[in-house]
Amino acid sequence: MAYWLMKSEPDCFSIDDLASRPRQTEKWDGVRNYQVRNMFRDQMKQGDQAFFYHSSCAEPGIYGLMTIASNAYPDPTQFDAKADHYDPKSKPEEPRWLLVDVRFERKLKTPVTLAELRKHDKQLQGLLLLAPGSRLSVTPVKPAHWNYILKLEGRS
DNA sequence: GCCAACGTTGGC
DNA sequence: GCCAACGTTGGC
């Protein structure tokens, strides 16, 4: 089983939004980045676990835990001309973009903020979120980093 | 295949 | 709202 960190702008879709969905499950749609598409396709598997990270907000950081609830499959919004992430160049017989389903696991007692994570950059060396210029919306997390970050819960 | 222009991300 | 970093696009 692998671990991941997945970013979302809470104004758009937050951990609370996920928790209030039917079966607390939702499609992680709208990803239009080939690196992330390939991670969905080649590495992410149903049963993996992920941090839910809030970005572009007052207090960026990890706010909750999710389970990856499906393997990758085509993102229907790419074919929807009215959708924000419509891709006119993608054809149903040859879908360009994939998504996975995610299920709410729990919120953290207190968020582990980006500022808090930065204080532990020694122990979190190699965490892609902290790498300069890293903007990927989905990144892998090493098990040791996952466990270390969970120990920071409730400290800030 | 190069590379300039443009768009997006995301912290601050 | 600014801006740096990065990805994508498209002309050549």
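Convention: sequence-line order gives letters A, B, ...; per-chain numbering from 1.
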Checklist entry - Quick one: A:L136 CG to B:dT8 C1', roughly how many Å, whole number? => result 13 Å
Checklist entry - Base, sugar-phosphate alone, or nothing: which one does A:R118 contact when heavy atoms must sit under 4.0 Å apart? => result sugar-phosphate
Checklist entry - Do the side chains of A:V141 and A:M6 join up, straight or via other hydrophobic residues, at under 4.5 Å, putting them in one cluster? => result no
Next on the checklist: Just the rounded figure in Å: distance from P of B:dG11 to CG of A:L117.
Outcome noted: 11 Å
Checklist entry - Taking the side chain from A:S8 and the backbone from A:F13, do they hold a donor-acceptor pair closer than 3.5 Å? => result yes
Checklist entry - Quick one: which of C:dA5, C:dT8, B:dG11 gets closest to the side chain of A:Y34? => result C:dT8
Checklist outcome for this item: Separation of B:dT9 atom P from A:H85 atom NE2, nearest Å, is 7 Å
Checklist entry - For A:D11 and B:dG10, what is the distance between atoms CG and C1' respectively, to the nearest whole Å? => result 13 Å
Item to check | Which nucleotide in B:dG11, C:dT9, C:dG7 has an atom nearest any side-chain atom of A:K89 | outcome: C:dT9
Next on the checklist: For a quick check of understanding: with a heavy-atom distance under 4.0 Å over all strands, which category does A:E9 fall into, base, sugar-phosphate or nothing?
Outcome noted: nothing
Item to check | Atom pair distance, as rounded to whole Å: CG in A:L130 and C1' in B:dG10 | outcome: 14 Å
Checklist entry - What class does the angle between the rings of A:F51 and A:W146 fall in, given that below 30° is parallel, 30 to 60° is tilted and above 60° is perpendicular? => result parallel
Checklist entry - Hey, is the side chain of A:K7 poking within less than 4.0 Å of OP1 or OP2 on B:dT9, counting only N and O atoms? => result no
Checklist entry - What is the distance from CD of A:Q35 to C1' of C:dG7, rounded to the nearest Å? => result 9 Å
Checklist entry - Is it true that A:D87 and A:R32 make a salt bridge, defined as a side-chain N closer than 4.0 Å to a carboxylate O? => result no
Checklist entry - Within this structure, what is the CZ-to-P distance between A:R37 and C:dG7, rounded to whole angstrom? => result 15 Å
Checklist entry - Atom CZ of A:R135 to atom P of C:dC6: distance rounded to whole Å? => result 8 Å
